[in-house]
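First the structure, in the form of C-alpha cells, and then the observations on it.
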Amino acid sequence: MKNILLIGTGRFGRHTAVQLSQLGHQIMAVDTNEERINDVLPYVTNAQIGDSTNAEFLRSLGIGNFDVCIVTVSGNFQNSLETTSLLKDLGAKCVVSRAERDVQAKFLLRNGADHVVYPEKQVAKWTAIRYTSDHIFDYIEIDDKHAIFEVEVPECWVGKSIGELDIRRKFGINILGIKRSGKTDVTITPDTVLSGEITILALGEYKALQKCFRI
C-alpha cells in the first residue's frame, strides 16, 4: 500500500482514483472544482479543494510524505507544468504527469516529471493494434520496442508442445502463459501442449511478434 497524491479529478483523474482504490492505496485527491472532488470522494482517503499552482497550499499537504504524486490536470497545460515543477521543488519522491501532446511530454520531463503518461496516444495505439487483427485479443505495451500480445494459437501450432515448437530460438519471443475460459495459467513448461481452445500470452519485440503471428 502506498500514499498517493492525485492532483486533478477530471475524467482521467477519476478513473485513476478508482483503480488506485481497488489496489488498496491511500489517496489524497486535490482539485479546484468542488463538484469533481465530491464525485471522487467514494474512492479516496482524503480530499482537498485547492490550487496546485500555489506553493504554500502544496507545502501544507506534506509532499514528502507521498510515495507518488500523480498530476492529471487537463485543459490547462500551464497549470500542469507549474504543478509538476513545484512538486519536485517541494521534495516529491516521484512525479507522474499527464501529457496530451508530444511537446507537452518533453516540457514535463524537463521540469520535474519522473514519468509521463499519454493516455490518448497509448489508447489510440492499443485500439489500432487490437482491432485491426482478427486474432489479437489483448495487448500490453512494455516499452517502445517490446509488448505482450494475447493471441490465438496459430493453426500449425495446435497439438504441439512449446518445446517442440522451439519458439524462443526460432522467433525470439517468450510464451509467458496461456488463457483458457478467461483464466490465466503461467505454470507452463516446454511440455505444455497448445490447443485451439486457448490463447497464449507472448512477450517480445514488436517486429518479432508481428512476423511470428502475421500481425
Side-chain angles (χ1 to χ4, degrees), residues 1-2 4 6 11-25 67-68 70 72 94-102 104-106 108-109 113-215:
M1 182 180 68
K2 292 187 176 182
I4 310 294
L6 178 65
R11 284 176 295 180
F12 181 65
R14 186 177 182 277
H15 285 305
T16 302
V18 171
Q19 295 301 317
L20 290 170
S21 177
Q22 291 177 352
L23 292 170
H25 297 300
D67 298 297
V68 182
I70 304 176
T72 65
C94 178
V95 180
V96 180
S97 299
R98 176 190 179 182
E100 296 177 354
R101 301 198 303 270
D102 290 338
Q104 292 181 356
K106 292 177 182 179
L108 288 166
L109 290 169
D114 297 290
H115 307 281
V116 170
V117 292
Y118 199 154
E120 289 85 0
K121 184 176 182 178
Q122 290 162 341
V123 171
K125 187 173 183 179
W126 182 90
T127 301
I129 292 174
R130 168 64 179 85
Y131 292 106
T132 55
S133 179
D134 295 332
H135 52 272
I136 296 178
F137 295 88
D138 205 351
Y139 150 78
I140 301 171
E141 182 178 277
I142 305 300
D143 56 31
D144 289 341
K145 293 185 178 180
H146 300 82
I148 299 172
F149 281 10
E150 180 188 349
V151 297
E152 66 183 18
V153 178
E155 188 175 345
C156 60
W157 290 13
V158 173
K160 298 180 180 179
S161 70
I162 291 175
E164 181 182 358
L165 292 166
D166 202 8
I167 296 169
R168 182 183 297 178
R169 185 183 66 81
K170 288 182 179 178
F171 303 102
I173 64 174
N174 293 292
I175 305 300
L176 302 181
I178 61 174
K179 289 183 73 173
R180 180 183 284 108
S181 302
K183 295 183 179 180
T184 302
D185 179 7
V186 295
T187 59
I188 59 172
T189 70
D191 296 325
T192 299
V193 176
L194 303 178
S195 70
E197 289 76 43
I198 65 171
T199 57
I200 55 179
L201 303 176
L203 166 66
E205 291 190 352
Y206 283 106
K207 290 182 179 179
L209 291 164
Q210 290 168 339
K211 181 178 179 180
C212 180
F213 299 109
R214 298 179 181 177
I215 297 167

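Every value quoted in this text rests on a predicted model; they were computed, and no experiment measured them.
The closest side-chain heavy-atom distance from Leu194 to Leu165 is below 4.5 Å. Side-chain contact between Arg101 and Tyr118: present, with at least one pair of heavy atoms (C-beta onward) separated by less than 4.5 Å.
Contacts of Ala105 classified as side chain to side chain contact (heavy atoms under 4.5 Å, CB included), with partners at least two apart in sequence or in another chain: Ala99, Val116. Val18 is linked by a side chain to side chain contact (heavy atoms under 4.5 Å, CB included) to Gln22, Tyr43, counting only residues two or more places apart in sequence or in another chain. Applying the side-chain hydrogen bond (donor to acceptor under 3.5 Å, both in side chains) rule to Asp185 yields the partners Thr187; only residues at least two apart in sequence or on another chain are considered. With sequence neighbours left out, Ser181 forms a side-chain hydrogen bond (donor to acceptor under 3.5 Å, both in side chains) with no residue at all. By the side-chain hydrogen bond (donor to acceptor under 3.5 Å, both in side chains) test, His146 pairs with Asp143, sequence neighbours left out. Under the ring-ring contact (aromatic ring centres under 6.0 Å, His included) criterion, Phe12 pairs with no residue, sequence neighbours left out.
Annotation: the span from Ile4 atom CD1 to Ser21 atom OG amounts to 12.0 Å, rounded to 0.5 Å. Of the inter-residue distances, the one linking Leu203 atom CG with Phe149 atom CZ reads 10.5 Å to the nearest 0.5 angstrom. Distance check: Ile148 CD1 to Leu209 CG gives 9.5 Å after rounding to the nearest 0.5 Å. The distance from atom CD of Glu205 to atom NZ of Lys211, rounded to the nearest 0.5 Å, is 12.0 Å. The distance from atom CD1 of Ile175 to atom CD1 of Ile167, rounded to the nearest 0.5 Å, is 4.0 Å.
Smallest separation of non-hydrogen atoms from Ile173 and Ala208: CG2-CB, 3.9 Å. Shortest non-hydrogen contact noted between Gly24 and Met1 is O-CG, 3.1 Å. The minimum heavy-atom distance between Gly13 and Leu6, with the atom names listed, is O-CD2, 3.4 Å.
Side-chain N or O atoms of His115 include none that pairs as donor or acceptor with a backbone N or O of Val96 at under 3.5 Å.
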Exercise. Check the pair Ile200, Val151 against side chain to side chain contact (heavy atoms under 4.5 Å, CB included), reporting the backbone distance first and the verdict last.
Key: CA-CA 6 Å; Ile200 55 179; Val151 297; 3.5 Å; yes

Self-check item: Step-by-step side chain to side chain contact (heavy atoms under 4.5 Å, CB included) determination, Ile70 to Leu20
Solution: CA-CA 11 Å; Ile70 304 176; Leu20 290 170; 4.1 Å; yes

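Sorted by first and then second residue, the pairs that involve residues 162-175 and meet salt bridge (charged side-chain N to carboxylate O under 4.0 Å, His left out), not counting sequence neighbours, are Asp166-Arg169. Here ring pair (Phe, Tyr, Trp, His ring centres under 6.0 Å) pairs that include residues 171-195, with residues two or more places apart or in two chains, are Trp157-Phe171. Counting only residues at least two apart or on different chains, the side chain to side chain donor-acceptor pair (under 3.5 Å) pairs with a member in residues 188-200 are Glu150-Thr199, Ser195-Glu197.
Under the side-chain contact (heavy atoms from CB on, under 4.5 Å) rule, Ile178 has a single partner from Thr184, Leu201, Ile198, which is Ile198.
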